[in-house]
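Right, one structure below, let's go through it.
A quick note: this is a predicted structure, and the numbers were derived from the prediction, not measured.
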Amino acid sequence: MRVVPSIDISRGMAVKRVRGKDGTGLVLGDPIKIAEELREMGYISVHLVDLDAAEGKGDNVEVMERVMRRFSEVSVGGGIRDRSRLERFLSAGATKVVMSTLAFTQPYTFRRVVKGYEDRVLISVDYCDDRVLIRGWNESATSLEEAISHVNSLGVRGVIFTYVCNEGTRRGIDLNVGSYAKLIRGEKGYAGGIGSIQDLRELDRMGFDFAIVGMSLYTGVLRGVISV
């Protein structure tokens, strides 16, 4: 299983929030500098998230494009709700785009937006207490079980499960996520609460293709762990 570092960007700065709440966690600084440090550690993949776009408070497209040039494999998420934004990221070098809100609120529009790019689209199932959260984790959309059935019907590349309950806390993964992951058709990723090499090994045992690390990486707990 691959370990992929995340760079979350807000107001032009790399940050790591706790459960997505603005003003919590760490301000890491210049995203370009962070990207260069990750490259020096040996990472060739990165997961980029535009937090401002996800919340409808602006965007960080230009700095994200500069970060993307430094990696050979890039997944990009945050506020991708129309075809022009999707195509801009793909043209700039993203290998995968990550979408969430549109897939759950307007599935017909989602299908139209991703038509022809389905094999490069992942849906982020962001959840806590069996509820899937959308619009920057500010609204509840559906149950986790219903979400899995829904995303399987969309014919995209796969899913990222993001356990919002523990996101940014290093308190551990959702130990029940394996039962849901086995229902997913396609690629499977996980994020949220990863705090040890044991967490990574458990996700590998569950059959995940990749795990996204943030707080545990930037606080030195899992620094330089590229695969398990």
Pair Phe71 + Tyr43: ring centers closer than 6.0 Å
no

Would you call Lys96-Glu187 a salt bridge at under 4.0 Å N-O?
yes

Side-chain heavy atoms nearer than 4.5 Å, only ILVMFWY residues, links allowed to pass through others: does that put Val164 and Ile173 together?
no

Are side-chain heavy atoms of Ile123 and Val98 found at a separation under 4.5 Å?
no

Do the side chains of Tyr117 and Val156 get nearer than 4.5 Å, heavy atoms only?
no

Determine, stepwise, if the pair Glu36 / Lys33 fulfils salt bridge (Lys or Arg N to Asp or Glu O under 4.0 Å).
CA-CA 5 Å; Glu36 291 172 348; Lys33 182 179 179 182; over 6 Å; no

Less than 3.5 Å apart, any donor N or O on the side chain of Asp130 or Ser143 sitting next to an acceptor on the other?
no

Using the six-membered ring wherever Trp is involved, compare the ring planes of Phe104 and His150 and label them parallel, tilted or perpendicular (cut-offs 30° and 60°).
tilted

Just so I know, are the side chains of Arg157 and Glu118 near enough to count as touching, which here means a heavy-atom distance under 4.5 Å?
no

Do Glu139 and Leu133 have side chains that approach each other closer than 4.5 Å (heavy atoms only, starting at C-beta)?
no

Cluster question for you: counting only ILVMFWY and a side-chain heavy-atom cut-off of under 4.5 Å, with indirect links fine, are Tyr190 and Leu122 together?
no

Side chains of Val125 and Tyr180 in contact at under 4.5 Å (non-hydrogen atoms)
no

